[in-house]
Visitor: 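Take this structure, written in structure tokens, and hold onto it; I'll ask about it next.
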Amino acid sequence: MAPTLLQKLFNKRGSGGSSAAASAQGRAPKEGPAFSWSCSEFDLNEIRLIVYQDCERRGRQVLFDSKAVQKIEEVTAQKTEDIPIKISAKCCQGSSSVSSSVSSSSSSLISSHSSSGGSSHHAKEQFPKYQYTRPASDVNMLGEMMFGSVAMSYKGSTLKIHYIRSPPQLMISKVFSARMGSFCGSTNNLQDSFEYINQDPNMGKLNTNQNSLGPCRTASNLAHSTPVDMPSRGQNEDRDSGIARSASLSSLLITPFPSPSSSTSSSSSYQRRWLRSQTTSLENGIIPRRSTDETFSLAEETCSSNPAMVRRKKIAISIIFSLCEKEEAQRNFQDFFFSHFPLFESHMNRLKSAIEKAMISCRKIAESSLRVQFYVSRLMEALGEFRGTIWNLYSVPRIAEPVWLTMMSSTLEKNQLCQRFLKEFTLLIEQINKNQFFAALLTAVLTYHLAWVPTVMPVDHPPIKAFSEKRTSQSVNMLAKTHPYNPLWAQLGDLYGAIGSPVRLTRTVVVGKQKDLVQRILYVLTYFLRCSELQENQLTWSGNHGEGDQVLNGSKIMTALEKGEVEESEYVVVTVRNEPALVPPILPPTAAERQNPWPAEFPESPEGTDSRDLGLKLDKEAHRRPEQGPEACSTGYQEPASDGSWKPQNGFCGDEKNKESPQDGSSRLCSCEVLGAGMKLDQQAVCELCKVEMPTRLPDRSVAWPCPDRHLREKPPLEKVTFQIGSSTSPESDLESRMKKMEERMKACGPSLEASVATDVAQDPQISGSPFNPGSQENVCCPQNQPFEGDEGESDKGFAEDRGSRNEATAVAAGKLSHTADSDAASAGVAGTRGRRLEAARGLYVKASEGPVLEPVAPKCVQQGPGLAAAANIPCGDANKKAICRTEGDIPRNESSDSALGDSDDEACASAMLDLGHGADRTGGSLEVELPLPRSQSVSTQNVRNFGRSLLAGYCPTYMPDLVLHGTSSDEKLKQCLVADLVHTVHHPVLDEPIAEAVCIIADTDKWSVQVATSQRKVTDNMKLGQDVLVSSQVSSLLQSILQLYKLHLPADFCIMHLEDRLQEMYLKSKMLSEYLRGHTRVHVKELGVVLGIESNDLPLLTAIASTHSPYVAQILL
Amino acid sequence: MSRSVTTRAQPYLRQEDSCHSSSCQPSSQLQKRQASWGLQVTMNAIVALCHFCELHGPRTLFCTEVLHAPLPQGAGNEDSPGQGEQAEEEEGGIQMSSRMRAHSPAEGASVESSSPGPKKSDMCEGCRSLAAGHPGYISHDKETSIKYVSHQHPSHPQLFSIVRQACVRSLSCEVCPGREGPIFFGDEQHGFVFSHTFFIKDSLARGFQRWYSVITIMMDRIYLINSWPFLLGKVRGIIDELQGKALKVFEAEQFGCPQRAQRMNTAFTPFLHQRNGNAARSLTSLTSDDNLWACLHTSFAWLLKACGSRLTEKLLEGAPTEDTLVQMEKLADLEEESETWDNSEAEEEEKAPVLPEGAEGRELTQGPAESSCLSGCGSWQPRKLPVFKSLRHMRQVLGAPSFRMLAWHVLMGNQVIWKSRDVDLVQSAFEVLRTMLPVGCVRIIPYSSQYEEAYRCNFLGLSPHVQIPPHVLSSVGPTILNKIEAALTNQNLSVDVVDQCLVCLKEEWMNKVKVLFKFTKVDSRPKEDTQKLLSILGASEEDNVKLLKFWMTGLSKTYKSHLMSTVRSPTASESRS
């Protein structure tokens, strides 16, 4: 049954990835290429290593360039035997175990191992023969890039990434301060050797510097008196790590920052993310998070150097990736590189350790050519391993549909997915749990990959959606917005289960010859190995573009619009590349602009925002085209009743409601007045108006503005107009529905919308920010009931005076406003052009800006009832004078649509009030000029270039270090590398934060064993990789009941619900346990069993779970 | 180039001095302000435009910072008007106000923003962005309470230094092949920088171009590196447009007055002299865009926003427990009720006091549902200290055998009648006993002067004289009872542990209830199957079955309706062959 079932189940995705991946896929279609990166263009040998040194005294020298190394195949075995290598065994052991698993040459892939597996025969180890030629010509330039011209004083390590355009290469460099032992201070034989290498490509001659070897060697032999317990690390590191380990366990339990008060359900996830945001914030970052003394060790011990003797020296290591010339392939690799950078960095650190080792070790070789040979081959080995690892990481077959992630993201086939998963799950329970193998594996996974815990923590708010669908954590969502952290990083931590306390980093490997079985296990485990799903959001501010709008420069727009393309436009997908990178500001007016009928900074209202934009555009258009005559300008229109925020506008003009302050005696009029003139248009008319008039208007404008830049800036609104209006075939009939649509769309865009001035203006067609053209002056029929000293002459008045009058005005207006459905609509229009936005809904604002402008008035506020707000933008003379006053309105704000508006004004208002209140001693310059952000739209796509898709791998040709989950056929390589890998993981945590322990769960389907190997404990039994797992009876019973329920034909989705309930039970039990552990007195485990239903075999699991929500648990148990 | 490195240190010091000397606040206050600033404001990135001035070396021209709210939103401190006055108070308001104050000239900080670091003599037009006295720009992202502020330099001394350092490294230390392009560099101490250097055409400059860079600074190097492709695209776009603008100006100028020719002719004019005259061109004039800085502010703020929201994660959390659901539903019902009755609130308030005092003579008129609502919502609070402090306490008081009997009946849904003259005692007893049951199973009539039927309530308080119909006692207990008893017996377990234990046990059994409900009520399976199921659930004993059946009545509507709806969907009944 197995193959066919598998195929049936997982055959959805075709293969067709790289050849390497394809071979691995075979009958395992679930390891599809969907999330694999294609390696065909990725040449392993094009990963280049350069080691450089910069010495105060001697300047820069290349210590290694892999491009200068050539392998001599034939010579291999012959000469090595004779080499009188007298380095100590320990030394060799150290370095060889690093490289033991390395593919022996740069060209061979992972599958080939170097011959030196063990540590006993190092002295006789055969080095492949390499020829070191002169470094490539670009090496000097690269040296410049690696070091730059930064002073030598900084002790820490520096990280750099360069992009070299041609040939396309990506270079990652780390620059370290070198740390040398004092006794070696005078000897530089290593360096001399390198110089020698550099000088003599043939390496034939004897090095003359041998004399320096003597003292050094003695010293290093002495240094070896301490036993080395971690073969892969030098002594110093070991000593350090011993401390670090014990320190880490305790220190990691202490949270450096106070936790946010509201840590509700998903507390651990939440807290972890919040902490990250705090620790990486710039303020806190000023205190370096990690020790900055990451140095490059050139001595075997911390012979804490006499400072006087230490010369300043820097060592730089660079890895250069040659990129494919093909753009696509290049982009793929870059995406992979940048998104998986922590892994690259980790391996680079490993490479660095190997180089350190090689440098130290080779120093003990007396003969120069041998020393060089040793050094070069060590480095090539290390590089080979690096290459292999990177290549593997890049090309490994991925599990195309990790169950948890797929369930989370696709709602469509949820049921099939449930069935598929449950079928596999129960099959495993039935078939491979006879000796508790599966229960043991699941116990281990649940114990260490702890990210499932937050997903079952009960929340205290009701479900929004269907029951089986869990809800996304709102608190985490909000956190991400307010205190950005790196979601990729967060996901990586989830996957490795690094959310408990102390922090453990866990991987799981399933070993077995039966590929199908292994794959099946892997697949099922992807349900329990949980992490967050990532979405990629593209934010746009200019909204939807018509497809024809691609040419966006200068006057071209106009012609495009003149074509009448309006009518053709459809609702189009947002095309981001059309969006100008420079976001036009919505500016407060300057004196110069005041003279101008067309303010340069016309508010860009991002297209496709909401129905009210229509009004805005209409308005704008009307303003812009004075020549069009009264018929256009004087039209008012009625909003569809369905849009609660709109009211008929006609007839307003005469009343006190509209306050027009003509600005600039020159003839600026508020558009409000125009509209207010009492004309009423129906929707159809409006649409027609827009359609007809737009094209003609444009030329006028262009005349007005000779400057191309201005055109550019104005363009967006124009496009928008076209788009929205033209898109309707029968405007009169479906205006309303379209508005709804737009509104929906806007809502969909979420609260993140930034309201722009434009929208405010749009909210009320009667008000417009644009000054009126003189030509249209006649249309203004605005009585000035307002206490405003509305005319230009007044603009220079003192604040106090203005304020008083304004307040009055607003009060009047407020009284008349009534708002219901949409508070936004209530917000008073603002001088859109001036960049002052007012939010009426929240209260009353009076704003005085330097700009000359119109008085925006409480637009429709008229007669609508109390509780609204009116905004007035009052010209206050010159720059920087601004006064905003606000009185609270009693109507709640509509959060969804006003977004940026309200608070910003609050802020400004508050401060302005402060200013006013505290009198004139403050000058106007004290506050930043406020510029609204453009309203944004967000297009979300699923992000597949993330760890959740890349680190859950399938059946791999060999064991691999980084993967969170993978399967492989034999544990041979695992045995070789595991210890070193775990130690490395602790020393160079990919999570960029200290971790206490690295763990690997090894499930062997050939031996039916599940073991846990950790960096903490050493396994005494050589046959074993780790400790056997205690099977939790909670897990066993869970498995049994799921199986039985399934057999009773309960539907799959229900079984999964039950599964989740049972996991939740475990969580609750861990709560109980943590509560129990908090107490002073202890009782026996037996008692726990009786009372709590907890057995001793459940304890590891439950304490691990408890450590995610109650850090003290670990403290107690440790 | 190195010259500029050394010269730059000084202006910075000077700037710091001026900041302190001109401050007219007592230093303690100043410190306080700074402290709060550091604590409450988090900024994860800064974007800056830098320029290599021909006369003055690398300069920071314009710098946009992000200010985050001190606490995640929802923590309750909405910005409120008048916040400015509360500057010295703690909490949410402070960060903006302190921030703003920092820029107010009264405190001397305006020196920072308007006439930053370098002295005038050290500044030329090319080194300056905002005009002297310009307050800078600010934008608000209300949803997230994030503010974006732009000045020529960051006003915070530490940030100033970080930006300064990044600027110098970007333009005079790090080597970028081709001099134009992206580069990443940094360390833990000075932060990490994504820098993109570029040239701007200038017909009057040496080589007809000037050198600039846009830098993004973060402490989170992984985040910054992850964002490289995104930042590169966006920053490149900004640069392209700046270059485009400048090119137009350049071409126009060249057309009007070809510099190359002119320079050829005046080949022997001392270049330095000429340069002094021309070096002072601002980017504004090079691009002929008066609003350039405002535009850059908006663009940088946008860039920061877009970069921050580029990746979002979806993180699932667990379903609420049945108890939570039922409580929610009751709350919702209550709200509905209160909508219908205007005075419901008043009524409710009446209820509580009534119970103790007026119980004797007064008939309770509310239905059981109502009263259970009441207690379900936890709104009833005994006026005095509860008589029974905990289940364990009650057990001690009653003695183990009586308690067990009592508890058995409670668990099985049998009606528990508590007769007493002391109303408080009854209340307290029920409050304790109800914790053994799922919230949905609790129907309390706290005190009545007449017997109420069992279907109306499973907890009934009665005055001593009321006649009660007799009922049956049983001796065996359901599994859960044994466990509860064990927990109560074990004195080593604190009350909190017992509470938690009760939660666990109830959820555990509710999970069984759910399965049974699905099996019997939704799917209507035959009896044999049900029997099988019960043994799978470890609940085949009669008492357990009885308990499950009773507890089924406590399932939330939400859950039940969900099951009912999904069973009708075609997928659910799909066969598995």
Side-chain angles (χ1 to χ4, degrees), chain A residues 144-145 148-150 156 158 160-161 164 265-266 280-283 285 288 338 341 415 455-458 462 467 470 472-473 476 479 481-482 484 486-487 532-533 535 539 581-583 585 751 899-900 903-904 906 910 914 925-926 928 931 933 1044 1051 1061 1068 1072 1075-1076 1079 1081 1083 1090-1091, chain B residues 38 42-43 72-73 79 81 83-84 104 133 135-140 142-144 158 173-175 177 184-185 187-189 219-220 223 225-226 228 237-238 241 294-295 298-299 302 306 308 311-318 320-321 328 486-487 492 494 496-497 500 504 511 536 562 571-572:
Chain A
E144 288 289 317
M145 289 158 62
S149 56
V150 188
T158 304
K160 295 181 192 180
I161 301 174
I164 302 162
S265 56
S266 42
T280 58
S281 89
L282 276 169
E283 281 78 12
F338 289 115
F341 175 76
N415 253 297
T455 67
V456 300
M457 287 188 189
F467 211 86
K470 303 192 176 207
T472 58
S473 168
V476 172
L479 180 74
K481 283 177 186 159
T482 55
N486 186 358
S532 58
E533 177 69 306
Q535 262 197 341
L539 236 53
L582 281 178
V583 185
S899 63
D903 260 7
S904 51
D906 280 357
L914 201 65
S926 62
E928 284 99 347
L931 295 176
L933 288 176
Q1044 297 304 324
D1061 282 344
L1068 290 172
M1072 184 165 63
E1075 202 56 63
Y1076 163 72
T1081 53
V1083 279
V1090 176
V1091 178
Chain B
T42 67
M43 328 163 67
Q73 247 190 6
D79 292 342
Q83 162 191 325
S104 82
Y137 293 107
I138 186 166
S139 293
H140 302 259
K142 189 177 142 280
E143 183 209 9
T144 57
Q158 280 177 311
C173 296
E174 301 299 337
V175 179
F184 171 93
F185 57 83
D187 55 62
E188 290 291 337
Q189 190 173 321
M219 292 309 293
D220 187 339
Y223 201 173
I225 291 172
N226 288 160
W228 169 301
I238 290 174
E241 287 185 40
C295 180
T298 322
S299 306
W302 182 258
L311 283 181
T312 53
E313 51 173 0
K314 185 170 157 193
L315 196 68
L316 299 192
E317 51 192 19
T321 62
M328 294 283 190
N492 286 330
S494 70
D496 288 338
V497 178
Q500 201 60 49
C504 277
N511 286 340
I536 291 168
H562 169 70
T571 42

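A, B, ... follow the sequence lines: proteins, then strands. Residue 1 opens every chain. Values in this document were obtained by computation on a predicted structure and should not be read as measured data.
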Visitor: Indicate the atoms forming the closest heavy-atom contact of A:V583 with B:S299, along with that distance.
Guide: N-OG, 2.7 Å

Visitor: Hey, could you give me the CG/CE distance between B:D496 and A:M1072, rounded to the nearest 0.5 Å?
Guide: 13.5 Å

Visitor: Would you mind telling me which of A:D1061, A:L582, A:T158 has the largest number of heavy-atom pairs within less than 4.5 Å of chain B?
Guide: A:L582

Visitor: Just how far is it from atom CG of B:D187 to atom NZ of A:K160, taken to the nearest 0.5 Å?
Guide: 9.5 Å

Visitor: Locate the shortest heavy-atom distance separating B:E174 from A:G148; write the atom from each residue and the value.
Guide: OE1-CA, 4.3 Å

Visitor: Can you find a heavy atom in the side chain of B:I138 that is under 4.5 Å from one in the side chain of A:L931?
Guide: no

Visitor: Could you tell me the separation between the CZ atom of A:F338 and the CZ atom of B:F184, rounded to the nearest 0.5 Å?
Guide: 9.5 Å

Visitor: Testing the basics here: between B:I225 and A:F341, what is the closest heavy-atom pair and its distance to 0.1 Å?
Guide: CD1-CE2, 3.2 Å

Visitor: Would you compute the distance between atom CG of A:L933 and atom CH2 of B:W302 and round it to the nearest 0.5 angstrom?
Guide: 7.5 Å

Visitor: Using a 4.5 angstrom heavy-atom cutoff, name the option from B:A294, B:A487, B:A486, B:A306 with the most pairs to chain A.
Guide: B:A294

